[in-house]
Amino acid sequence: MRLRRKAWIGEAIKEYSDLVILLQSGNAYQGRWREILGRDAPLHVELGTGRGTFITDLAALHRSTNFIGMEAVPDVLYNAAQKAQFRELNNLKLLLADVNNILDIFAPGEVNRLYINFCDPWPKRRHAKRRLTHAGFLAKYKVILALGGELFFKTDNIKLFEFSLNQFADMGLSLGNITFDLHNSSYEGNIMTEYEAKFSALGQPIYRCEVRF
Ligand SMILES: C[S@@+](CC[C@H](N)C(=O)[O-])C[C@H]1O[C@@H](n2cnc3c(N)ncnc32)[C@H](O)[C@@H]1O
């Protein structure tokens, strides 16, 4: 049953072949993202883009920036493709890929900004290495980010936020615009993600920071 569903979604996603890139492994696109997006512009990537609410709003607002939404789950990415197609965004590609393989996907210094929004908190200590803000991931981000590259991070999970702040500090990265309650702060220009909308509606604070590499 699971396999049949997977095959169906694989076929369905091909409808969006101009927009969605299926990249399970290999480095065919490494160093070529500006060429693929058709312009020499800054490259901003969301890791774990989900159904694409955030990345499509962002790409619609900043037409002269190149965007990539990376997501490991095909069904979810299919929803993102529907949104992006509807909005006719020619500055966005959606990439079916696992963040663990990020060093095969982007060349050193190819990316200008990463967004991590509401990533899975992996609360058990033995799973800490799976958190997308773990030092193991940060070391990879450091390679693909250009000089002065940055990571914008949001979460509803205070323990994950504190863990992440410690990981950033341990790596000697500089932190800015830290807020422990984004929606009651002076931060302007926030774009809500799908998870952010859910958690905010429940009255939960949203934590956010910017990290410079
Ligand atoms: C909790 S959801 C958040 C979705 C979206 N960023 C938001 O804020 O609404 C986390 C998403 O990250 C994806 N994800 C988790 N680990 C990933 C990985 N290693 N590579 C790519 N995507 C991943 C999940 O499949 C899921 O869609």
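Note that the coordinates shown come from a computational prediction; the quantities given were computed from them, not determined experimentally. Both counts, for ligands and for their atoms, begin at 1 and track the order of listing. Residue indices begin at 1 and follow the sequence shown.
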the protein heavy atom lying closest to atom 8 (O) of ligand 1 turns out to be T193 OG1, 2.7 Å

Under 4.0 Å between a Lys/Arg side-chain N and an Asp/Glu carboxylate O for R32 and E35? yes

Looking only at protein heavy atoms, what sits closest to atom 12 (O) of ligand 1 is G48 CA, 3.3 Å

So which heavy atom in the protein is nearest atom 22 (N) of ligand 1, and how far is it from that ligand atom? A72 N, 3.3 Å

Would you say A197 touches ligand 1, if touching means a heavy atom closer than 4.0 Å? no

Backbone or side chain, does any N or O of C119 fall under 3.5 Å from an N or O of ligand 1? no

Tell me which part of E46 gets within contact of ligand 1: side chain, backbone, both or neither, using heavy atoms under 4.0 Å. side chain

Test side-chain contact (heavy atoms from CB on, under 4.5 Å) on L43 and F67; report intermediate values, then the result. CA-CA 6 Å; L43 180 61; F67 291 96; over 6 Å; no

Taking only non-hydrogen atoms of F118 and a 4.0 Å limit, the atoms of ligand 1 in range are 1 (C), 2 (S), 3 (C), 8 (O), 10 (C)

Just jot down the ligand 1 atoms closer than 4.0 angstrom to any heavy atom of N117, in number order. 3 (C), 5 (C), 6 (N), 8 (O)

Decide side-chain contact (heavy atoms from CB on, under 4.5 Å) for I102 and L47; before the verdict, give the C-alpha distance in whole Å, the side-chain angles of both, and the deciding distance to 0.1 Å. CA-CA 10 Å; I102 203 162; L47 307 177; 3.8 Å; yes

So among L58, T193, L151, which one has a side chain to side chain contact (heavy atoms under 4.5 Å, CB included) with Y115? L58

Judged by non-hydrogen atoms, does E71 sit under 4.0 Å from ligand 1? yes

Heteroatom distance test (L132, ligand 1): nitrogen or oxygen, under 3.5 angstrom: no

If we number the atoms of ligand 1 from 1 as shown, the ones under 4.0 Å from a heavy atom of D98 are 18 (C), 19 (N), 20 (N)

Find out whether the Lys NZ or Arg CZ of R208 is both under 6.0 angstrom from the six-membered ring centre of F152 and within 45° of the ring's axis. yes

Tell me if the centroids of the rings in F161 and F180 come within less than 6.0 Å of each other. yes

Considering non-hydrogen atoms of the protein only, which is the closest contact for atom 9 (O) of ligand 1, and what is the distance? Y195 N, 3.0 Å

Among all the protein's non-hydrogen atoms, which is closest to atom 20 (N) of ligand 1, and how far away is it? V99 N, 2.9 Å

Side chains of Y195 and T155, heavy atoms from C-beta outward: is any pair under 4.5 Å? no

Is ligand 1 under 4.0 Å from a heavy atom in the side chain of D120, in the backbone, in both, or in neither? side chain

Looking at ligand 1, does any of its N/O atoms fall within less than 3.5 Å of an N/O of V73? no

Atom indices of ligand 1 within 4.0 angstrom of E194 heavy atoms, with elements: 9 (O)

Hydrophobic cluster membership, F199 vs F54, 4.5 Å side-chain cutoff: no

Mark yes or no: R131 above the aromatic ring of F163, with NZ or CZ under 6.0 Å from the six-membered ring centre and no more than 45 degrees from the axis. yes

With a 4.0 Å cut-off, would you call K198 and E196 a salt bridge? no

Only heavy atoms of A97, strictly under 4.0 Å: list the atoms of ligand 1 that pass. 20 (N), 21 (C)

Are Y78 and Y16 close enough that their ring centers fall under 6.0 Å? yes

